[in-house]
Each structure stands twice: as C-alpha cells, then as structure tokens.
Number of protein chains: 2
Amino acid sequence: MPRNVNYSELTMTAPERPLRADARRNRESVLDAAGELFAQRGDAVQMEEIAERAGLGVGTLYRHFADKQALLAAIIGRRFEAMTALARAADEASDPWAAFETLLYGYLESAQADAAFRFALLGPEEPSWNDIAAEKTDFSAITERIVRRAIDAGHLREDFRADDFVLITRGAMANMTDARNWRRHVTLLLEGIRGPER
Amino acid sequence: MPRNVNYSELTMTAPERPLRADARRNRESVLDAAGELFAQRGDAVQMEEIAERAGLGVGTLYRHFADKQALLAAIIGRRFEAMTALARAADEASDPWAAFETLLYGYLESAQADAAFRFALLGPEEPSWNDIAAEKTDFSAITERIVRRAIDAGHLREDFRADDFVLITRGAMANMTDARNWRRHVTLLLEGIRGPER
DNA sequence: TCAGAACCGGAATTCAGCTTCAGGTTAGAG
DNA sequence: CTCTAACCTGAAGCTGAATTCCGGTTCTGA
C-alpha cells in the first residue's frame, strides 16, 4: 500500500490501476502550470507558486511527483521528446543544408522560448534525469546523420563533428539574454569572422 | 559609531583610520580564501567554509564585508582589474592580430581558471556590483581599440563589432565544462564552419 | 605598563523553500 | 445509493545556509 506513488516515470509503463479522473486532470494541470513557469523562469519558481497557478494545494504536487526535481525532469523530458521529433522532421528535408539549418534554428528557437530547457542543457548533468539520457541518445543519432549529410554535400567543413553541434548550441544559448544576440552569434559561426587578410 | 563597517569598497577611498594590523592581515586572509574557493566552485561555497579556510570565525568575515554578495563583489572586482591590465598589455602589441588573439585567449584562459569570474560574466547583472561597472567601461574602451585595429588591418570582417567580442567570450565560457571544448568553439568561430560548397 | 577601542569567535537566530502529514473530500465500483 | 480507497488541502515541520550578537581577546597610543 504505497503512500505517495510517483507516477512521473517518463517511461510509459502504465500504472497497475489507471488514475482516477480528477487525479488525471490535476496531474495535467500541474504539468501545464509547471511547464509555463519553468519555461519562464527556470529553476527559480517555487512549488507553492506552481500549485497556485494550477489551482491546487502543494500537497497535490507531491502526490504526483516525488519532489521538485522529479517535476522538473518530467517537464524537461517532454521538451526533449519534442526536440527529437523536430530532428526527425528536419531529417526529412532532401536538401542537406536545409536539414541542418532547420535542426539548428529549430533547436535554438525552442531553447529561447524555454528557460527550463536551457537550464537542463547548460547546467551540469543531473543524476536524477536518467530517463532523459535515452532521449538524448535518439536525438544524437539523428543529429549525427544530418551532420554527415551536410558534410558529404560540402556544406560543412570536413572535420565537423556532431559534438560541434553541441558546442554551437551551448554557445548560442549563453547569448540568449537578448533576443537577437544568439542569432548574431550563430551567423558569425556560420560565416566566420576572419577578414580578407587572414 | 558604526558597528560593522563595510570596508569592501573597491574604490580606494582610505577609511578614516587605517585598519589595525591584525585586522588588515585577516582581511587579506579572507580575500585569499574566498578568492580560491570562489574560483573553484563559484557561488556555491559557504561562508563557513571560507572562514575555516581563512582560519577565522564567520563573524570576522562579516566584520569586513557586509554580506556574501559584497565579498563576491570584492573578488570579482579584482579579477576585472586584472583583465583590464591584460587588455592594456595586449594593446601594446604592434601586430593587430596578435593583439586581438592575446586579448581573446588571455581573457578566456582567465575565465577558465575562475568559476567566480565566469559566474559574474554569464549570470544576470547584479545590481550590487556597481563598482565593477566602471572597470568594465575601461575594459570595453581598450577592447574597442584593439578590435578596430584588427579590422583596419583586414584581420576581422568589416562589420565586426566590439559587442561581438562579448558574444564570442560568452559562447566560449558556456563551453568550459571540458578544458578543450572552448578552444574548439573559438577555432570554429575564427575559421568558420562552412564547407567549400557554401 | 595599561586602558579601552577595535577586533574576533562561534553558538544562536533567522529565513526562505521544500516536504510532510493529519484530517476532510470525492470518484466510482458494486 | 453506499462505502471506501484514492485523492486533496495547507498549515506545520524541517533543513541548510546566511547573518547576528555579545562576551572574551588583542592591539596600540600614551
């Protein structure tokens, strides 16, 4: 007889008994509220605030998620899934460079809109986010393929590595204080900053 | 009759009465201890830990610095001064590109060695760090001159701006998880990542 | 050498947030 | 309709870390 079961598992193993209707509804509210607030102010939001926005008591948050980390992980997990979907879509493009740009800018636009996402990507690895590691692997595989295509088509320098994609995105995210800074950063990266006299 | 005077003013207006010998010595110990620890783990160190490393009680820290922020500000301020000195030195180089590279890599190597410095540069503007703003102005002026020289000599693209220097450094600092990542990042930036088929 | 201002130590206090828990409520099976 | 497991609430408890406070200690000028 578990008292405070954690249904936040991202792996979709259905719980023995489905949630009661009100519980399912509330869980959704929590996820929505947390999603918005985390996206807006990252880690800094308080549990109480999330509960209020969801129209629930704090206790209810804890019925659905073991702790703040678990809630954050659930939110982050969603974003990662979306990102993998984005990568998959980008890979559809027949033009290799279009695929690369779609992936890069799509990724960064998502990051711009979501402080929690940036937080997860820029900060140190959270050991509690194991579920996310698997998602990352999927994403990386697709990225790898897109990068390779761009190289083979001569759009990226020969020695470009998928890891470099991470470098670029981290760099850009660090410049997201202002809406246009990160675009400038990416532009400089893509075009290079050396002059004619190099 | 002030009780707990804040001598952390970075502006060197000497206090009415010079500090007692032991006090001056202790102040130095605090600065040293805090400098090392902040450099190592940034914001995350605790006052108690700093006190211990300095061989003093916490109360003593608070005799010299109003609060943790003030102590951090004092440390950061020192780094900024060093950075301005570095810029001045770089500007001495007769070769414009050498000057630019010296500045860029010197700046980044310092950042690599100091988490507190990165923290101050990457995080949002702290309102309590007013003293540092002045130092920043000096630094910016020199950077501006170095950038201009590099452009005029044809080593940097015409539309390069001093602000871009900030973009680059922020980007690189975000990639300082691993010692060589940021160098790769800078290299990509300088050389560009587009292939022959651009 | 001595008084007392300046200084120091570190236990006690404060505080902000997360988390728990002892009841009250409600969905929904029978 | 009834009963009860599942659910919800939010005040109270807990925790970790900053900050205070005051009795004791140490400089230093006379």
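Quick note on labels: first sequence line is chain A, next is B, and so on, each numbered from 1. Nothing here was measured: the structure is a model prediction, and the numbers come from that model.
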Engineer: Which of the following nucleotides, C:dT19, D:dC7, C:dG17, is nearest to the side chain of A:Val58?
Structural biologist: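 Closest nucleotide among those given: C:dT19.
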Engineer: Starting the side chain at C-beta, find the nucleotide from D:dC8, C:dG9, D:dT20 nearest to B:Thr60.
Structural biologist: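 Per side-chain heavy atoms of B:Thr60, the pick is C:dG9.
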Engineer: My understanding is that only residues two or more places apart in sequence, or in another chain, count here; which of them pass side-chain contact (heavy atoms from CB on, under 4.5 Å) with B:Asp163?
Structural biologist: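 Once residues adjacent in sequence are excluded, the partners of B:Asp163 under the side-chain contact (heavy atoms from CB on, under 4.5 Å) criterion are B:Arg161.
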Engineer: Any side-chain N or O of B:His64 below 4.0 angstrom from OP1/OP2 of C:dC8?
Structural biologist: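 Yes, B:His64 has a side-chain N/O under 4.0 Å of OP1/OP2 on C:dC8.
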Engineer: Using the ring-ring contact (aromatic ring centres under 6.0 Å, His included) rule, collect all pairs that involve residues 179-198 of chain B, keeping only residues at least two apart or in two chains.
Structural biologist: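 Listed by first then second residue: A:His185-B:His185.
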Engineer: Side chains of residues 41-51 of chain B: which donor-acceptor pairs under 3.5 Å do they make with residues two or more places apart or in other chains?
Structural biologist:
unit_1  : atom_1 : unit_2  : atom_2 : d
B:Arg41 : NH1    : B:Glu49 : OE2    : 3.2
B:Arg41 : NH2    : B:Glu49 : OE1    : 2.8
B:Arg41 : NH2    : B:Glu49 : OE2    : 3.1

Engineer: Scan the side chains in residues 118-129 of chain B for donor-acceptor partners under 3.5 Å anywhere in the protein, sequence neighbours excluded, and list what turns up.
Structural biologist:
unit_1   : atom_1 : unit_2   : atom_2 : d
B:Arg118 : NH1    : B:Ala111 : O      : 2.7
B:Arg118 : NH1    : B:Gln112 : O      : 3.2
B:Glu125 : OE2    : B:Lys136 : NZ     : 3.4

Engineer: When the distance from CD of A:Gln46 to P of D:dT15 is rounded to whole Å, what number comes out?
Structural biologist: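 These atoms are roughly 20 Å apart.
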Engineer: Nearest nucleotide by nearest heavy atom, which residue falls closer to the 5' end of DNA chain D, B:Glu48 or A:Asn26?
Structural biologist: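 Closer to the 5' end of DNA chain D: A:Asn26.
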Engineer: Report the distance from atom OG1 of B:Thr102 to atom CH2 of B:Trp97, rounding to the nearest 0.5 Å.
Structural biologist: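 Here the interatomic distance stands at 10.5 Å.
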Engineer: So, using side chain to side chain donor-acceptor pair (under 3.5 Å) as the criterion, who are the partners of A:Arg79 when residues are at least two apart?
Structural biologist: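 In terms of side chain to side chain donor-acceptor pair (under 3.5 Å), with neighbours along the sequence ignored, A:Arg79 is linked to A:Asp114.
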Engineer: Would you compute the distance between atom CG of B:Leu72 and atom CZ of B:Phe65 and round it to the nearest 0.5 angstrom?
Structural biologist: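 Rounded to the nearest 0.5 Å, the CG-CZ separation comes out at 11.0 Å.
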Engineer: Grab the CE-P distance between A:Met47 and D:dC14 for me, whole Å please.
Structural biologist: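 Between P of D:dC14 and CE of A:Met47: 19 Å.
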Engineer: What's the CZ-C1' distance between B:Arg63 and C:dA5, to the nearest Å?
Structural biologist: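 B:Arg63 atom CZ is separated from C:dA5 atom C1' by 10 Å.
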Engineer: Who pairs with A:Asp138 by side chain to side chain donor-acceptor pair (under 3.5 Å), at least two apart in sequence or on another chain?
Structural biologist: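 Counting only residues at least two positions away or on another chain, A:Asp138 forms no side chain to side chain donor-acceptor pair (under 3.5 Å).
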Engineer: Roughly how many Å is it from CG in A:Leu72 to P in C:dT19, rounded to a whole number?
Structural biologist: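 Roughly 11 Å, once rounded to whole Å.
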Engineer: Counting only non-hydrogen atoms, which of residues 34-45 of chain B are less than 4.0 Å from DNA chain D?
Structural biologist: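 When residues 34-45 of chain B is checked for heavy atoms under 4.0 Å from DNA chain D, the hits, listed by number, are B:Val45.
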Engineer: Which pairs count as salt bridge (charged side-chain N to carboxylate O under 4.0 Å, His left out) when at least one residue sits in residues 65-76 of chain B, sequence neighbours excluded?
Structural biologist: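 Matches after skipping sequence neighbours: none remain.
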Engineer: What's touching nucleotides 25-28 of chain C from the protein side, N or O pairs under 3.5 Å?
Structural biologist:
unit_1 : atom_1 : unit_2  : atom_2 : d
C:dT26 : O2     : A:Arg20 : NH1    : 3.2
C:dA27 : O4'    : A:Arg20 : NE     : 3.3
C:dG28 : OP1    : A:Ala21 : N      : 2.9

Engineer: Phosphate oxygens OP1/OP2 of C:dT19: is one of them under 4.0 Å from a side-chain N or O of A:Tyr62?
Structural biologist: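 For C:dT19, OP1/OP2 do have a side-chain N/O of A:Tyr62 under 4.0 Å.
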Engineer: Taking atom P of D:dG10 as reference, at what distance in whole Å does atom CG of A:Leu61 sit?
Structural biologist: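 Rounded to whole Å, this separation is 12 Å.
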Engineer: Return the angle between end axes of the helix from C:dT1-D:dA30 to C:dG30-D:dC1, with five pairs used per end and rounding to 10°.
Structural biologist: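 Here the local axes at opposite ends form an angle of 0°.
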Engineer: Can you list every side-chain hydrogen bond (donor to acceptor under 3.5 Å, both in side chains) pair that touches residues 149-158 of chain A, not counting sequence neighbours?
Structural biologist: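 Pairs touching residues 149-158 of chain A that pass the test: A:Asp91-A:Arg149, A:Arg148-A:Asp152, A:Arg157-A:Asp159, A:Arg157-B:Glu191.
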Engineer: If you look only at pairs with a residue in residues 28-47 of chain A, which of them pass as a ring-ring contact (aromatic ring centres under 6.0 Å, His included), with sequence neighbours excluded?
Structural biologist: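 Passing the test, one end in residues 28-47 of chain A: no pairs.
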